[in-house]
Amino acid sequence: MINYREKIAELLMTAVEGLSKEELTAMIEVPQDEKMGDYAFPCFRLAKQLRKAPPMIAKDVAEKIAGDNVFEKVEPVNAYVNMYISREAYVSDLVKEVVTQKETYGNSQLGEGKKVIVEYSSPNIAKPFHIGHIRSTVIGNSIYKIYKALGYDTMRINHLGDYGTQFGKMICAYRRWGNEEDVIKSPIKTLLSYYTKFHVEAENDPALDQEARDIFTKLEQGAEEELRLWQWFRDESLKEFTKVYNMLGIEFDSYAGESFYSDKMGRFVEELKTKQLLKASEGAQIVELEEQNLPPALITKSDGSTLYITRDIAAAVYRKETYNFDKNIYVVASQQNLHFQQWIQIVELLGYEWARDCVHVPFGLVSLEDGTMSTREGRVVFLEDVLNKAVEKTKEIIAEKGVNTDNIEETAKQVGIGAVVFQELSNNRIKDYVFSWDRVLNFEGETGPYVQYTHARAASVLRKAGAEAVAKAEAGEIKASYVISDSAYDLVKLIYKLPEVIAEAGEKYEPSIVTRHVINIAQSFNRFYHNEHVLVENEEEKTAKLALVIAAKTAIKNGLALLGMEAPEKM
RNA sequence: GGGGCACUAGCUCAAUGGAUAGAGUCGCAGACUUCGAAUCUGUCGGUUGGGGGUUCGAAUCCCUCGUGCCUCACCA
């Protein structure tokens with residue numbers, strides 16, 4: 001398949017002097033209005049050096065490149081050179097490419113030989129998985145899949161919040177008010193209730209806080225009973241998290257959380273000391289970051305114990321030494337911007353050049369209509385409830401419409417959960433949003449079910465066409481003249497753009513770019529579907545159109561897969 | 001108070017410094033005897049938070065003010 005941008009840049013090199021291929025490629029645009037062509041080249045910037053009016057330049061450039069047969073037409077319009085690609089070759093090449101590549105269409109070898117780590121989800125154990133956690137989980141999962149598609153060697157890490165004074169509190173509370181049976185029956189809800197009670201009681205009895213700190217110290221020192229309880233809480237929590245991960249179809253390669261690094265920190269405190277970066281202040285040890293325009297970072301507390309910044313440094317070094325990553329991505333809330341700036345700077349100060357390969361990918365806050373979420377105050381929406389409700393609603397819709405599907409349970413799961421995931425990935429990740437049941441349970445317009453419906457509809461046409469006709473279309477030899485109408489061509493262009501879109505989403509760590517593009521493909525397909533009849537009498541026309549349907553279906557399915565979504569054949 | 005992020009149609013959001021700022025949703029008007037109406041078509045809707053500046057050209061870059069959120073030493 002021709003890379004048209006590259007091809008056009010090469011042609012422009014023969015018409016414009018003094019600019020490199022890269023510079024020219026960057027200048028090529030896609031006009032907002034397709035009536036103005038498939039690609040455009042603005043000539044404003046050339047005016048100064050060529051000492052000519054932009055429209056004149058456009059006219060000259062257009063004349064020079066118009067002869068090439070990739071173009072149907074090249075037209076100067078004011079300061080722009082508008083280029084129209086010859087549709088038949090474009091369409092037949094693209095369709096052939098997609099039907100042969102199938103599920104790998106959109107993938108590339110950009111990242112070949114490079115290792116990428118994606119850290120995401122990372123919930124605190126013994127706390128419920130609420131709607132706020134969906135962001136890191138789902139965004140991280142999609143970034144992982146995007147990088148995989150770009151050819152990187154990828155690894156997923158769930159950096160569990162399984163360490164810290166909070167577990168001293170938890171153990172303390174369990175000993176005072178807990179009982180084993182309740183915990184086994186409903187681990188997280190029960191543990192949370194102990195934790196909440198602890199905070200209420202500690203208000204009146206500050207001795208509790210000291211007791212909790214002591215318990216944590218014992219835990220750190222490896223006391224048997226404390227360790228056993230902690231391990232138990234951790235196992236039970238992980239069991240419940242796994243339930244949610246299974247619903248979402250999400251997996252990890254490592255669950256090495258904070259506790260994993262508890263014995264790997266001393267080295268850095270020493271190293272910071274040796275390199276004279278540590279400074280005593282009010283009994284604690286800090287690193288000054290004035291030159292970096294950052295507030296000082298607290299490394300050890302006045303009682304000598306460490307904080308999570310030390311653990312993050314230890315984790316980064318461990319990962320570099322163990323996995324030798326080229327890129328180490330952290331999908332963590334924007335609230336922690338300062339924290340990441342600080343520790344990455346410290347790693348750099350320690351002389352590790354790879355510090356700049358550590359990337360914090362922040363995202364905005366989810367709040368509820370009555371304010372910021374707070375598990376302790378009971379202001380919380382559980383993710384499992386959201387997923388279940390979405391599945392329920394899907395079942396209702398399926399029943400109501402009487403749609404044909406072989407497995408209602410499975411379809412409802414794919415569509416309901418897909419709706420939640422898609423919603424989550426449809427906006428720029430940096431934006432804050434307020435959780436709304438209405439929005440998450442909306443299945444019309446720019447939503448997951450809309451895209452999945454489009455896919456199922458394409459599948460339905462193929463079923464109706466029959467295996468023989470489909471096989472013929474999949475062979476890829478088509479008479480492209482039957483699929484160059486505006487609506488067919490618009491669809492083809494969007495499918496062609498999918499690989500570019502995936503690369504951009506990877507560069508920007510922004511799954512929503514894929515989400516929006518998948519919507520565009522679905523919209524375009526539906527327009528095509530309404531404007532033209534696919535299953536026509538004329539065999540050649542039918543084959544060409546079926547091939548386009550297969551291409552569109554494939555593109556949608558592959559796009560959804562990158563978001564972590566299924567594409568049902570029937571719904 | 002310092003730092004960061006956000007602000008675009010009634011609502012939710014798009015828009016590599018480029019042509020007339022686009023979608024969805026809401027409202028209104030249409031399209032199922034025809035490959036799936038979770039669909040499609042049309043219509044209504046804008047001082048891109050305010051004000052300066054840079055540029056041939058600004059929603060986009062710079063300055064400033066406003067509003068909201070996040071964050072700033074012993075939680076993570």
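Hydrogens, waters and symmetry mates play no part in the numbers below; they use all other heavy atoms, side chains included. Reminder, nothing fancy here: chain letters follow the sequence lines and each chain counts from 1.
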Between [N] atom [atom2] and [X] atom [atom1], what is the distance in whole Å?
{"X": "A:Phe525", "N": "B:rA38", "atom1": "CZ", "atom2": "P", "answer": "15 Å"}
{"X": "A:Glu446", "N": "B:rG22", "atom1": "CD", "atom2": "P", "answer": "15 Å"}
{"X": "A:Gln341", "N": "B:rU71", "atom1": "CD", "atom2": "C1'", "answer": "10 Å"}

Taking atom [atom1] in both [N] and [M], compute the distance separating them and give it to the nearest angstrom.
{"N": "B:rC40", "M": "B:rC35", "atom1": "C1'", "result": "15 Å"}
{"N": "B:rC63", "M": "B:rA58", "atom1": "C1'", "result": "15 Å"}
{"N": "B:rU64", "M": "B:rC69", "atom1": "P", "result": "23 Å"}
{"N": "B:rG46", "M": "B:rU8", "atom1": "P", "result": "15 Å"}
{"N": "B:rA15", "M": "B:rG1", "atom1": "C1'", "result": "37 Å"}
{"N": "B:rG52", "M": "B:rA6", "atom1": "P", "result": "23 Å"}
{"N": "B:rG22", "M": "B:rU71", "atom1": "P", "result": "38 Å"}
{"N": "B:rU12", "M": "B:rC7", "atom1": "C1'", "result": "14 Å"}

Flag as yes if A:His530 stacks onto the base of B:rU41 (centroids under 5.5 Å, planes under 30°), otherwise no.
-> no
Can you find a side chain N or O atom of [X] that sits less than 4.0 Å from OP1 or OP2 on [N]?
{"X": "A:Lys431", "N": "B:rA6", "result": "no"}
{"X": "A:Lys301", "N": "B:rC75", "result": "yes"}
{"X": "A:Tyr453", "N": "B:rA38", "result": "yes"}
{"X": "A:Tyr450", "N": "B:rC40", "result": "yes"}
{"X": "A:Arg516", "N": "B:rG22", "result": "no"}
{"X": "A:Arg45", "N": "B:rG57", "result": "no"}
{"X": "A:Gln166", "N": "B:rC75", "result": "no"}

Side chains of [Y] and [X]: any donor to acceptor distance under 3.5 Å?
{"X": "A:Asp303", "Y": "A:Ser305", "answer": "yes"}
{"X": "A:Tyr308", "Y": "A:Gln336", "answer": "yes"}
{"X": "A:Gln210", "Y": "A:Asp214", "answer": "yes"}
{"X": "A:Tyr330", "Y": "A:Asp312", "answer": "no"}
{"X": "A:Ser485", "Y": "A:Glu532", "answer": "yes"}

Between the base of [N] and the side chain of [X], is there any donor-acceptor pair under 3.5 Å?
{"X": "A:Ser334", "N": "B:rC70", "answer": "no"}
{"X": "A:Ser281", "N": "B:rA73", "answer": "yes"}
{"X": "A:Asn526", "N": "B:rA37", "answer": "no"}

Look through every strand shown and name the nucleotide pairing with B:rC5 as Watson-Crick or G-U wobble, where both distances are under 3.5 Å.
-> B:rG68
Given that both distances must come in under 3.5 Å, which nucleotide forms a Watson-Crick or G-U wobble pair with B:rA21?
-> none
Comparing A:Val77 with A:Val434, nearest RNA chain B nucleotide closer to 5' gives the residue A:Val434
Using heavy atoms to find the nearest nucleotide of RNA chain B for A:Arg463 and A:Leu298 separately, return the residue whose nucleotide is more 5′.
-> A:Arg463
Inspect the surroundings of NZ in A:Lys497 and state if more than 12 heavy atoms from other residues, nucleotides or ligands are less than 6.0 Å away.
-> no
Which of the following nucleotides, B:rA14, B:rC69, B:rA23, is nearest to the side chain of A:Asp432?
-> B:rC69
Syn within 90° of 0, anti beyond: B:rC65 is anti
